[in-house]
Amino acid sequence: MDYFPVFLDLKKRRCLLVGGGDVATRKGRMLAKAGAILRVVAPEISTELRELVVQQQGELLEREYLKGDLDGCVLAVAATDIESLNKTISDDAKQKNIPVNVVDTPALCTYITPAIIDRSPLMIAISSGGETPVLARLVRAKLETLIPVSYGKLAQIASQWRDRIKARFSDGDSRRKFWEKILQGPAAELMMNGQEDAANKFIADELANDHPELVQGEVYLVGGGPGDPELLTLRALRLMQQADVVLYDRLVSAGVMELVRRDAERIYVGKRRSEHAMEQENINQLLVDLAKQGKRVLRLKGGDPFIFGRGGEEIELLAQNNIPFQVVPGITAASGCAAYAGIPLTHRDYAQSVRFVTGHLKSDDTNLSWPELANPTQTLVFYMGLVGLKDICESLIAHGRAAATPVALIEKGTTQDQRVLIADLHSIADVVAANDVHAPTLFIVGDVVKLHDSLKWFKAN
Ligand SMILES: C[S@@+](CC[C@H](N)C(=O)[O-])C[C@H]1O[C@@H](n2cnc3c(N)ncnc32)[C@H](O)[C@@H]1O
């Protein structure tokens with residue numbers, strides 16, 4: 001280990017910053033954020049840095065650096081572009097035993113500053129020992145996406161409960177288990193969803209519980225998007241990483257499943273057209289049962305759970321059983337496939353509205369109002385429309401939509417197997433018959449399809 005990591009308390013402590021340009025301003029911003037009082041020395045000082053110093057009642061010394069500037073300072077930063085001056089500041093500070101950092105010159109530093117992820121009071125510092133700061137920054141960027149912004153809030157609330165939790169559990173082991181339960185379970189999720197009062201009540205109830213060690217389960221109803229795992233939301237990814245068990249169906253892509261916590265139990269609940277690995281009622285009940293066993297249950301669905309996904313039915317039973325749950329939207333097939341096919345769903349010149357329609361015509365619940373779908377300025381997006389494609393086209397034409405209306409059939413959209421077949425209402429059924437097309441497919445009808453040729457950008461394998 002080349003450097004010993006520490007976190008300094010700089011509140012109300014004087015720090016010397018020599019330099020007044022962009023780099024010095026950046027350093028000044030961070031020091032001020034940590035509550036330091038700045039003494040800034042430079043012949044020219046940027047407006048932002050000047051304002052910062054005035055705001056926190058520091059000192060602005062608009063002149064060349066003098067050795068005496070270090071007096072009374074607990075830390076020094078040299079951020080000038082004059083090498084010899086930086087060396088002088090470094091030497092002077094070392095002589096006075098004041099920790100000194102010379103920007104981008106590790107050899108002159110007695111401390112270096114890490115790349116940080118600030119979720120105050122939670123703080124993560126990453127350092128490459130000054131060797132490859134860019135790599136440290138790349139690592140930071142990766143971690144930034146994994147650590148929710150709300151963790152800071154979580155840490156703040158946790159600290160408010162520290163004493164009461166300490167008083168409730170005399171032995172360290174039970175206390176640790178309780179903390180794990182709070183920081184990984186429904187209380188944490190409530191806090192991160194901004195429901196602070198509910199989170200506090202949850203913790204209070206748990207503390208009052210005779211068996212606080214019993215874990216309360218919960219369900220995450222998560223939209224896994226149309227296929228490309230990079231289309232997952234950050235929240236979806238976080239919950240996928242903390243679930244104990246996952247119930248998933250056919251439309252969830254292998255790439256998305258790869259991102260589920262490795263040791264989570266996996267239950268396939270199927271759902272191919274007319275072939276259900278598990279009946280809907282049984283899925284609903286299983287979610288309740290697993291959560292009652294104290295598990296964090298991930299219900300992972302393709303696309304968005306509230307768009308042709310029966311997500312509403314699945315959480316109804318949870319609500320009736322007082323099981324905590326949350327719903328995480330996913331990118332629905334219409335948005336994903338349209339984007340990857342270069343077909344804007346609305347466009348000022350071609351379509352003023354868009355309608356998502358079920359193409360599952362044989363279903364008892366399907367009762368489409370065909371005259372409403374004939375409006376030529378409306379884009380139609382049919383889900384589950386492959387089997388009934390011919391009927392859909394014939395009905396649209398019969399109700400007044402022009403036979404020459406351009407259409408697109410997108411197969412396995414957003415994945416490396418994506419295929420886009422372009423035709424018109426009259427000919428698409430023949431085009432599909434001539435190609436070996438497999439579900440899932442999405443059918444887009446409307447003049448916006450004309451844009452595909454000029455706007456297509458995604459290249460599947
Ligand atoms: C039961 S619905 C579920 C929709 C999903 N909840 C959503 O928001 O995308 C299934 C239909 O979504 C469409 N679909 C889902 N993923 C697709 C993909 N990657 N490419 C094309 N169509 C897709 C197909 O029309 C499929 O029949």
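These figures come from a predicted structure and were not determined experimentally. Whatever order the structure lists them in is the order used to number ligands and atoms, beginning at 1.
For F325 and Y220, the ring centers sit 6.0 Å or farther from each other.
Taking atom 18 (C) of ligand 1 as the reference point, the nearest protein heavy-atom neighbour is G413 N, 3.5 Å. Closest to atom 10 (C) of ligand 1, if we only count protein heavy atoms, is L251 CD1, 3.3 Å. Annotation: atom 11 (C) of ligand 1 to nearest protein heavy atom, M384 CG, 3.8 Å. When only non-hydrogen protein atoms are considered, atom 12 (O) of ligand 1 lies nearest to Y383 CD2, 3.4 Å. In terms of protein heavy-atom proximity, atom 25 (O) of ligand 1 is nearest to T441 O, 2.6 Å. Of all protein heavy atoms, the one lying nearest to atom 6 (N) of ligand 1 is I307 O, 2.7 Å. Scanning the protein heavy atoms around atom 14 (N) of ligand 1, the nearest turns out to be A333 CB, 3.4 Å.
Heavy-atom contacts of I410 reach the following atoms of ligand 1: 21 (C) (cutoff under 4.0 Å). Near G303, with a cut-off below 4.0 Å to any heavy atom, the atoms of ligand 1 are 5 (C), 7 (C), 8 (O), 9 (O). For ligand 1, the atoms lying closer than 4.0 Å to a non-hydrogen atom of C337 are 18 (C), 20 (N), 21 (C). Each of the following atoms of ligand 1 lies closer than 4.0 Å to a heavy atom of T332: 7 (C), 8 (O), 9 (O).
Side chain of T332 to main chain of S335: no donor-acceptor pair is present (N/O by atom type, distance under 3.5 Å, no hydrogens or angles). Listed for the R401 side chain is a donor-acceptor partner under 3.5 Å among the backbone atoms of N375. A donor-acceptor pair is defined here as one N or O able to donate and one able to accept, closer than 3.5 Å; no such pair exists between the side chain of R310 and the backbone of Q280. Judged by distance alone, the side chain of S253 and the main-chain N or O of V256 form a donor-acceptor pair under 3.5 Å. In this structure, the side chain of E144 does not engage the main chain of I117 through any donor-acceptor pair within 3.5 Å.
When the shell of 6.0 Å around CD of E230 is examined, it contains 12 or fewer heavy atoms from other residues, nucleotides or ligands. The environment of N435 atom CG is dense: over 12 non-hydrogen atoms of other residues, nucleotides or ligands sit within 6.0 angstrom.
The heavy atom nearest to atom 2 (S) of ligand 1, out of those in F308, F443, F306, F382, is found in F308. Among G302, P226, G309, the residue whose heavy atom sits closest to atom 19 (N) of ligand 1 is P226.
When only modelled atom types and interatomic distance are considered, N193 and E189 share no side-chain donor-acceptor pair under 3.5 Å.
Under 4.0 angstrom from ligand 1, the non-hydrogen atoms of K412 all belong to its backbone.
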